[in-house]
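One structure is given below, encoded as structure tokens.
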Protein chains: 2
Amino acid sequence: MVQKSNKPPSAAKMDAPAAPKRRGRPRAYEPDVALGRALDLFRRDGFSATSLDDLSAATGMNRPSLYGAFGDKRELYIKSYQRYRDDARTAMVDIFRSEAPLRERLKRIYAIALDIYTEGESPRGCFTVMTAASEAVSDPAIRGMVLEGFVELDKAFATCFGIAKERGELPASTDATVLAHLASATIHTVAIRARAQVPRKELEAIVKGALDVICGAK
Amino acid sequence: MVQKSNKPPSAAKMDAPAAPKRRGRPRAYEPDVALGRALDLFRRDGFSATSLDDLSAATGMNRPSLYGAFGDKRELYIKSYQRYRDDARTAMVDIFRSEAPLRERLKRIYAIALDIYTEGESPRGCFTVMTAASEAVSDPAIRGMVLEGFVELDKAFATCFGIAKERGELPASTDATVLAHLASATIHTVAIRARAQVPRKELEAIVKGALDVICGAK
DNA sequence: GGAATTTAATGCGAAATGGTACAAAAAAGT
DNA sequence: ACTTTTTTGTACCATTTCGCATTAAATTCC
């Protein structure tokens, strides 16, 4: 029941608040790394195929601690999904805002997406797609998060293309929303294919083809 | 435990082989409609959230009968998936082969896809996407089927675009494979979004935009 | 009508599941 | 030293899960 911290907490607070001197017995786990482990499991097996025993083993926390720290299985799933989204967002937001030319920005976005989708050996893929496909979508709160994820990505791409239009990188006649949907579709198709373990080379080829159509053949 | 046959078996043998006079007690279920019900359940809840009790209730067959007819849960899932694919294929194959102009053919293909993805009220979506996202992809046989589904769709689109090129509907410089991947990506993105209950109108708008890019704005 | 055969129906059982009660442990406050 | 507070660890409970063994029913063949 001990947590080996090989993977650093992605949202590690660099400014440790100087040990707030909590009152009772100290925690034997670090919430950040525990949540990361839970996320890995949920991502591999989905919501209902992941048992609390599995989660307990993976996080190094026993069941009651898990419960106390994150709530029940559903809440833990939601928190895992939020964490996943936060990580993905922080990995991409700088690139979306960068000054680089359009094609370069898009290339970097897709490179990061492929990193996320293909890391590790067992089926990974995209948690949003996993969640959408799960029975958990019948939960309105979870479905809301998924929808939010879709529009967030669509918007990011849309503003990206809007800026490119202003810069003259795209003809003035182009519809930024349409291109954004195509760009999201490309994200989605590689996400699903990655889940089925299509090799990264093929995914990169699909991305390249999409970029040729979107930005104009290089 | 009785099967109400409101939904006709999609693969109904029109030529009933004149009652082959089976030997023992007659079946109380019709395998085709039972498989259809199982398919509906798996599609709604995924593999592991669907219990044999659920399946038994939905099919009107008790557990041992289910077992005898289709094998264990995994086999039933696989057969459901095969059935889904067969239905989808037969719904689309004629359109892929039709003589209609490119854009018309594509419009019909996507219309059928949206029919499949949005029918019913509870989350439906695409079984291939569901399966890919499920923990079942770690099963090599199932993963194989999913991959097969991807290439089948890619190929169908690719030959579609190849023919369009020969007909002069597309510039000779277009890469049929690249467009095929884009067309598949559009299928995938609407499949996922449909699962999250994005209204059909929005899905149709996404499809229209993609068609404008693929075939040239109308 | 009776044997053979195929299916239905009941229900059992071992394991797993999500969740919790409760006592022991480890720290800080007094 | 002793109380208070927080967390851990064990064990448990009720329910669900998958799979099967067994018996009862319905039909054909002889």
Side-chain angles (χ1 to χ4, degrees), chain A residues 1-5 17-35 37-38 41-42 44-80 134-136 138-139 142, chain B residues 1-5 17-35 37-38 41-42 44-80 134-136 139:
Chain A
M1 265 308 128
V2 180
Q3 211 175 54
K4 282 170 287 180
S5 76
K21 286 283 185 187
R22 302 182 49 92
R23 190 94 146 65
R25 175 171 175 169
R27 292 201 191 109
Y29 60 90
E30 210 160 348
D32 276 334
V33 338
L35 192 56
R37 301 279 165 74
L41 262 199
F42 277 132
R44 199 186 60 195
D45 296 336
F47 177 76
S48 50
T50 302
S51 73
L52 286 187
D53 280 335
D54 297 334
L55 291 165
S56 174
T59 58
M61 301 165 64
N62 38 37
R63 219 104 53 80
S65 296
L66 254 178
Y67 209 82
F70 302 111
D72 68 5
K73 194 182 170 184
R74 176 179 166 279
E75 288 179 87
L76 178 52
Y77 185 83
I78 291 180
K79 282 172 179 147
S80 298
S134 153
E135 77 282 5
S138 58
D139 182 318
I142 295 179
Chain B
M1 265 308 127
V2 179
Q3 211 173 55
K4 284 170 286 181
S5 76
K21 287 282 186 186
R22 304 181 49 92
R23 191 96 146 63
R25 174 172 177 170
R27 292 201 191 108
Y29 59 91
E30 210 159 347
D32 276 332
V33 337
L35 192 57
R37 300 281 165 73
L41 261 199
F42 277 133
R44 198 187 62 195
D45 297 335
F47 177 77
S48 49
T50 303
S51 72
L52 287 187
D53 280 335
D54 297 335
L55 291 165
S56 174
T59 58
M61 302 165 62
N62 39 39
R63 217 106 47 79
S65 296
L66 253 179
Y67 217 83
F70 302 111
D72 67 4
K73 194 180 170 185
R74 177 178 166 278
E75 287 179 88
L76 178 52
Y77 185 83
I78 290 180
K79 281 172 179 145
S80 299
S134 153
E135 78 281 6
D139 182 318

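A, B, ... follow the sequence lines: proteins, then strands. Residue 1 opens every chain. Owing to the predicted nature of the structure, the values given are computational and were not obtained by experimental measurement.
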Exercise for the section: Pick base, sugar-phosphate or nothing for B:Arg23, based on heavy-atom distances below 4.0 Å to the nucleic acid. Expected result: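 It contacts base atoms.
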Exercise for the section: For A:Ser48, answer base if it contacts any base atom (sugar-phosphate contacts may also be present), sugar-phosphate if it contacts only those atoms, and nothing otherwise; contact means non-hydrogen atoms under 4.0 Å. Expected result: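 Nothing, no heavy atom under 4.0 Å.
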Is there a side-chain polar atom (N or O) of [X] under 4.0 Å from OP1 or OP2 of [N]?
X       : N      : answer
B:Asn62 : C:dA9  : yes
A:Tyr67 : C:dG18 : no
A:Arg25 : C:dA24 : no

Problem - Distance-only side-chain donor-acceptor flag, A:Ser65 / A:Asn62, under 3.5 Å - result: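 Per modelled atom types, A:Ser65 and A:Asn62 side chains form a pair under 3.5 Å.
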Exercise for the section: Answer yes if the side chains of B:Ser51 and B:Asp54 hold a donor-acceptor pair under 3.5 Å, and no otherwise. Expected result: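 On atom types as modelled, these side chains qualify, holding a pair under 3.5 Å.
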Exercise for the section: Measure the shortest side-chain to side-chain distance between B:Val33 and B:Thr59 over non-hydrogen atoms and say whether it is less than 4.5 angstrom. Expected result: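 No, every pair of side-chain atoms sits at 4.5 Å or beyond.
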Problem - B:Arg37 and B:Tyr29, any side-chain heavy atoms less than 4.5 Å apart - result: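 No, their side chains stay 4.5 Å or more apart.
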Exercise for the section: Let me know, please, whether A:Pro64 or B:Phe47 comes out on the 5' side of the other along DNA chain D by nearest nucleotide. Expected result: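 The residue mapped nearer the 5' terminus is A:Pro64.
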Exercise for the section: Check every atom of D:dC18, D:dT7, C:dG18 against the side chain of B:Ser51 and return the nucleotide holding the closest atom. Expected result: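 Closest nucleotide among those given: D:dC18.
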For [X] and [N], give me the distance from atom [atom1] to atom [atom2], rounded to whole Å.
X       : N      : atom1 : atom2 : value
B:Arg27 : D:dT28 : CZ    : P     : 15 Å
B:Leu52 : C:dG13 : CG    : P     : 19 Å
B:Phe70 : D:dG19 : CZ    : P     : 15 Å
A:Arg22 : C:dA25 : CZ    : P     : 21 Å
B:Asp45 : D:dT16 : CG    : C1'   : 15 Å
A:Tyr29 : D:dT6  : OH    : C1'   : 10 Å
A:Arg74 : C:dG19 : CZ    : C1'   : 16 Å
B:Arg63 : C:dC12 : CZ    : C1'   : 11 Å

Practice task
Could you tell me how the ring of A:Tyr77 sits relative to the ring of A:Phe42: parallel (under 30°), tilted (30 to 60°) or perpendicular (over 60°)?
Solution key: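 If you compare the ring of A:Tyr77 with that of A:Phe42, the planes turn out perpendicular.
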Handout entry: 5' priority, DNA chain C, between A:Pro26 and A:Thr50 [closest heavy atom]
Key =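 The answer here is A:Thr50.
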